[in-house]
Amino acid sequence: MDALDMGDKLEKILLTREQLDAKLDEMAAAIDAEYEGEEILLVGVLNGAVMVMADLARKIHTPCHMDWMAVSSYGSGTKSSGVVRILKDLGTDITDKHVLIVEDIIDSGLTLSWLISNLESRGPASIEIATMLRKPDAVKVEIDVAFVGFDIPNEFVVGYGLDYAGDYRNLPFVGTLASHVYAN
Ligand code: IMP
Ligand code: MG
């Protein structure tokens, strides 16, 4: 899927695939430096983090395993419900592992702070977070995010894993939708 497929539903491209790719190179280098001599368990948060996980994991040289969790915090619209539920749990025992949570975006941070306390109770050696995008509200919650791609304005974005009601996850860039898309 690309910008042409979107027609008048695309308002603007916020981050091109080249910008995303270059940023992932930087993030992978920072991760390799941080975890030198260790092994990492990458935990991708489904569904949004699939693209970041796939691309970031291939740029990391540190030995790593990959696992996935699915949690629900958003309905089909653009507002957080504030309620987090585990839809799919890890298949891995994370005791004594260096866990790196891989996220597409941190908005209110509700999902992540819940996830961190849940994972912390399982006795990992460490937990850090890598997120491609972060919105301004995220600074209000007390979460230390070790690896951030881009701080973006408080707009609803789609693409590169992020959806609006299930659509647009497979866009190779991050963009905003025209307002008429939300109107109906
Ligand atoms: P938070 O709990 O508010 O930090 O956000 C949790 C989840 O909401 C993220 O992992 C995304 O899946 C989704 N989300 C937040 N902001 C956006 C957005 O702008 N576009 C698409 N999904 C979003
Ligand atoms: Mg997510």
Side-chain angles (χ1 to χ4, degrees), residues 15 20 23-24 27-28 30-31 34-35 38-57 60 62 64-169 174 182:
L15 298 164
L20 295 169
K23 185 60 76 176
L24 286 171
M27 291 172 75
I31 289 166
E34 176 73 28
Y35 290 96
E38 309 282 0
E39 288 177 20
I40 319 173
L41 175 65
L42 297 174
V43 171
V45 185
L46 295 169
N47 296 317
V50 280
M51 306 299 179
V52 189
M53 180 76 145
D55 289 342
L56 183 64
I60 289 174
T62 309
C64 66
H65 287 187
M66 295 159 77
D67 202 346
W68 301 91
M69 267 184 96
V71 295
S72 77
S73 65
Y74 268 53
S76 58
T78 61
K79 289 216 179 73
S80 177
S81 68
V83 180
V84 181
R85 241 173 1 120
I86 295 184
L87 304 177
K88 184 222 167 289
D89 207 340
L90 296 174
T92 317
D93 178 2
I94 66 168
T95 312
D96 299 331
K97 301 260 172 71
H98 291 288
V99 173
L100 180 59
I101 298 173
V102 178
E103 264 287 18
D104 46 0
I105 191 166
I106 307 176
D107 182 3
S108 70
L110 284 174
T111 312
L112 210 48
S113 55
W114 182 90
L115 193 60
I116 289 165
S117 51
N118 181 288
L119 294 181
E120 258 166 7
S121 70
R122 307 183 194 193
S126 67
I127 302 184
E128 297 291 351
I129 301 148
T131 187
M132 192 71 208
L133 307 174
R134 182 170 62 181
K135 285 188 183 177
D137 281 349
V139 301
K140 292 182 198 159
V141 276
E142 291 287 304
I143 313 176
D144 208 11
V145 186
F147 310 98
V148 180
F150 299 93
D151 279 298
I152 62 165
N154 208 359
E155 295 178 290
F156 194 79
V157 291
V158 296
Y160 201 65
L162 292 157
D163 72 306
Y164 173 64
D167 291 330
Y168 312 117
R169 286 194 199 279
V174 173
Y182 303 109

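Keep in mind it's a predicted model, so treat the numbers as computed, not measured.
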How far apart are the closest heavy atoms of [X] and [Y], and which atoms are they?
| X | Y | value |
| --- | --- | --- |
| V52 | L24 | CG1-CD2, 4.2 Å |
| G109 | I143 | O-CD1, 3.5 Å |
| S126 | H98 | OG-ND1, 2.7 Å |
| G91 | D67 | N-OD2, 2.8 Å |
| M51 | G161 | CG-N, 3.5 Å |
| P136 | P153 | CD-C, 4.0 Å |

Worked check of side chain to side chain contact (heavy atoms under 4.5 Å, CB included) between M27 and L56
CA-CA 8 Å; M27 291 172 75; L56 183 64; 4.1 Å; yes

Measuring from [X]:[atom1] to [Y]:[atom2], what's the distance to the nearest 0.5 Å?
| X | Y | atom1 | atom2 | answer |
| --- | --- | --- | --- | --- |
| S117 | L112 | OG | CG | 10.0 Å |
| I94 | I127 | CD1 | CD1 | 5.5 Å |
| L41 | I101 | CG | CD1 | 10.0 Å |
| I40 | L100 | CD1 | CG | 6.0 Å |
| R169 | N47 | CZ | CG | 4.5 Å |

Can you check whether [X] reaches [Y] side chain to side chain, under 4.5 Å on heavy atoms?
| X | Y | result |
| --- | --- | --- |
| L15 | Y160 | no |
| N118 | I86 | yes |
| T92 | K97 | yes |
| D104 | V45 | no |
| I129 | I106 | yes |
| M132 | I105 | no |
| L162 | F156 | no |

Would you sort out whether F150 and V174 count as a side chain to side chain contact (heavy atoms under 4.5 Å, CB included), showing the intermediate values?
CA-CA 11 Å; F150 299 93; V174 173; over 6 Å; no

Trace of the side chain to side chain contact (heavy atoms under 4.5 Å, CB included) decision for M69 with L119
CA-CA 11 Å; M69 267 184 96; L119 294 181; 4.0 Å; yes

Within a 6.0 Å radius of atom CD on E39, are there more than 12 heavy atoms belonging to other residues, nucleotides or ligands?
no

Between R122 and D89, is there a side-chain N and carboxylate O pair less than 4.0 Å apart?
yes

Test side chain to side chain contact (heavy atoms under 4.5 Å, CB included) on I60 and L42 and set out the steps.
CA-CA 11 Å; I60 289 174; L42 297 174; 4.3 Å; yes

Residue list, salt bridge (Lys or Arg N to Asp or Glu O under 4.0 Å) with D167, at least two apart or on another chain
none

For Y35 and F147, take the angle between the two ring planes, folded into 0 to 90°, and tell me which bin it lands in: parallel under 30, tilted 30 to 60, perpendicular over 60.
tilted

Quick check: does any side chain N or O of K135 sit under 3.5 Å from a backbone N or O of I152, one acting as donor and the other as acceptor?
no

